[in-house]
Number of protein chains: 2
Amino acid sequence: MATRRDTAAVREHLPIEQRRAQLLTAAAEVMREQGVAAATTRAIAERAGVPHGSVHYCFGTKTALVRALLQSEADRSVESARRRSSRSADLEGVLRNVLEAQLESVRTDPGHHAMLGELIALARRDPALADLPGWEHERYVGAAAERIAEWSAASGVALARPTREIATTIMVLATGLGDLWSATGDRAVLDRTLDDCVRGLAARLSEPA
Amino acid sequence: MATRRDTAAVREHLPIEQRRAQLLTAAAEVMREQGVAAATTRAIAERAGVPHGSVHYCFGTKTALVRALLQSEADRSVESARRRSSRSADLEGVLRNVLEAQLESVRTDPGHHAMLGELIALARRDPALADLPGWEHERYVGAAAERIAEWSAASGVALARPTREIATTIMVLATGLGDLWSATGDRAVLDRTLDDCVRGLAARLSEPA
DNA sequence: GTCTATAACTCGATAGAC
DNA sequence: GTCTATCGAGTTATAGAC
């Protein structure tokens, strides 16, 4: 009679938190490469190298896993944007830097960008996740507003508009330009459009309301 | 022994083209109300009031149905935008009108807007539909460029930039502002951000490059 | 040409073995 | 606490009755 030791690799006993993190990483990988729809609990477990049952043992339901994933990926995304941001002398430079950082991440990892969009769309349709789209948006705008305020304080340049208004406008441009890149993949068109957006808005946002 | 007449309503013999249109309408309704993921072939057939087998009889595969649907919905969307467009005296007015028309349709029918986004995301992941996102984007930009050229000819105002450049910028703003509305639902924020975008860009696009 | 019945498969979730 | 085996409901697609 075969024992478990003969038929399968021996698995370690991990603390549940580490097992959760392991599964979240695997879920993000599958979704990034094959799309959110392909990320079944089975596919996630297989990618993580753990048995299917572990998913429900760790998260209870798939919905709970998606919630945890969307939150952790939003954190990761905000943190990544913060690392990419660089110094600038004027508002136009700040706008351009933030937008280029955002677009660089879309260009470097289009699967990850698509994944976040698909997750938000999924959350919008699921009543149990309906609070997440607004939460994520606020997180991005809030982080952008913080960076702008820091820049203003550090550079001594006074802002003609509230930081949140500027941050919101940046978000709008970033998502629009990200979609443009996804749809065309045309670098020249993207750069030209970004230029139009940045220059016009920098002038507009520098005037008092 | 029961005959078919006893157990089910008698169905008419429709030409296959009409049956296809009937199914496309049903598919759009289900996707708009419950999301693309909920639009199974069974749900679509039930909504249309036809037997499940008809879907595969008319379209062969679900992928073929999605392809036909995305194309017809893109047509419908372009046509709807054309009907909403109104006359303006200057470029700023044109920008504002086009954007407000787009946002009005997002506000009036958010489910339809979400559906189009979900369909594009789905197409991007499916090799058999991978040509559609670019095709749809080109369709929108092309239609917007046509309207701008018509306006320029009718009003006698010369454009400082190529119509496609202006049209592309409008698309970027429209998608970005649409996402902003979806995420916040805040009318005041939307109007303020739209104002910033329109004024800045109108000035920028009026200067020679 | 249209529809029913079912095949063949995958899903999320769980009961119970270990 | 961890994993296997399985359940029941869902899916697309099709073979064959009418």
Side-chain angles (χ1 to χ4, degrees), chain A residues 1-24 26-27 30-31 34-69 118 122 125-129, chain B residues 1-23 26-27 30-31 34-69 122 125-129:
Chain A
M1 185 75 76
T3 69
R4 215 178 68 224
R5 249 169 215 285
D6 296 327
T7 57
V10 180
R11 262 183 272 270
E12 352 173 39
H13 255 55
L14 289 183
I16 194 166
E17 270 313 319
Q18 283 186 37
R19 192 47 60 90
R20 264 198 263 259
Q22 196 179 356
L23 283 167
L24 287 179
V30 173
M31 290 182 183
Q34 302 176 256
V36 169
T40 64
T41 53
R42 294 182 137 86
I44 293 167
E46 191 178 359
R47 172 64 68 112
V50 303
H52 178 218
S54 292
V55 177
H56 292 89
Y57 172 68
C58 289
F59 290 99
T61 66
K62 187 185 178 181
T63 301
L65 184 151
V66 170
R67 170 174 288 273
L69 179 65
E118 293 170 34
L122 177 70
R125 296 288 190 181
D126 185 342
L129 301 172
Chain B
M1 186 74 76
T3 69
R4 215 176 70 224
R5 249 169 215 284
D6 295 327
T7 57
V10 180
R11 261 183 272 268
E12 348 171 45
H13 255 56
L14 289 183
I16 194 166
E17 269 312 319
Q18 284 186 36
R19 191 47 61 90
R20 266 198 263 258
Q22 196 178 355
L23 283 166
V30 174
M31 290 182 183
Q34 302 176 257
V36 169
T40 65
T41 53
R42 292 184 130 85
I44 294 167
E46 190 178 359
R47 171 64 67 111
V50 305
H52 178 219
S54 292
V55 177
H56 293 89
Y57 172 68
C58 289
F59 290 99
T61 66
K62 187 185 178 182
T63 301
L65 183 151
V66 170
R67 171 174 286 273
L69 179 65
L122 177 70
R125 295 290 191 181
D126 185 341
L129 301 173

Minimum-distance nucleotide to A:Tyr57 side chain [options: D:dT12, C:dT2, D:dG1]: D:dG1
Atom NE2 of B:His52 and atom P of C:dA5: how far apart are they, to the nearest Å? 14 Å
Taking the nucleotide of DNA chain C with the closest heavy atom to each, which residue, A:Gly53 or A:Ala43, is nearer the 5' end? A:Ala43
When you check the phosphate oxygens OP1 and OP2 of C:dC9, does a side-chain N or O of A:Arg42 lie under 4.0 Å from one of them? no
With distance as the sole test, does A:Arg47 use its side chain to make a donor-acceptor pair with the main-chain N or O of A:Arg42 at under 3.5 Å? no
Calculate the interatomic distance between B:Glu46 atom CD and D:dT12 atom P; express it in whole Å. 13 Å
side-chain N/O B:His56 vs D:dA13 OP1/OP2, d < 4.0 Å: yes
Grab the two heavy atoms, one from A:Val55 and one from A:Thr41, that are nearest each other, plus how far apart they are. CG2-O, 3.8 Å
If you look at every heavy atom in B:Arg19 and B:Ser54, which pair is closest and at what distance? NH1-OG, 4.2 Å
For the residue pair B:Ala48 and B:Gln22, what are the closest heavy atoms and their distance? O-NE2, 3.5 Å
A:Leu122 side, atom CG; A:Met31 side, atom CE - distance, nearest 0.5 Å: 7.5 Å
A:Phe59 CZ to D:dC3 C1', straight-line distance once rounded to whole Å: 17 Å
In whole Å, I'd like the distance from the CD atom of B:Gln22 to the C1' atom of C:dT2. 13 Å
Of the nucleotides D:dT4, D:dT12, C:dA13, which has the atom closest to the A:Pro51 side chain? D:dT4
For B:Ser54 and C:dT2, is the shortest distance between a side-chain N/O and OP1 or OP2 below 4.0 Å? no
D:dT12 P sits how many Å from B:Leu23 CG, rounded? 13 Å
Rounded off to whole Å, could you give me the CD1-to-C1' distance for the B:Ile44 and D:dT11 pair? 12 Å
Please report the distance, rounded to the nearest Å, between CG in B:Leu14 and C1' in C:dG1. 12 Å
Nearest-angstrom distance from the residue atom CD of B:Glu17 to C1' of C:dG1: 15 Å
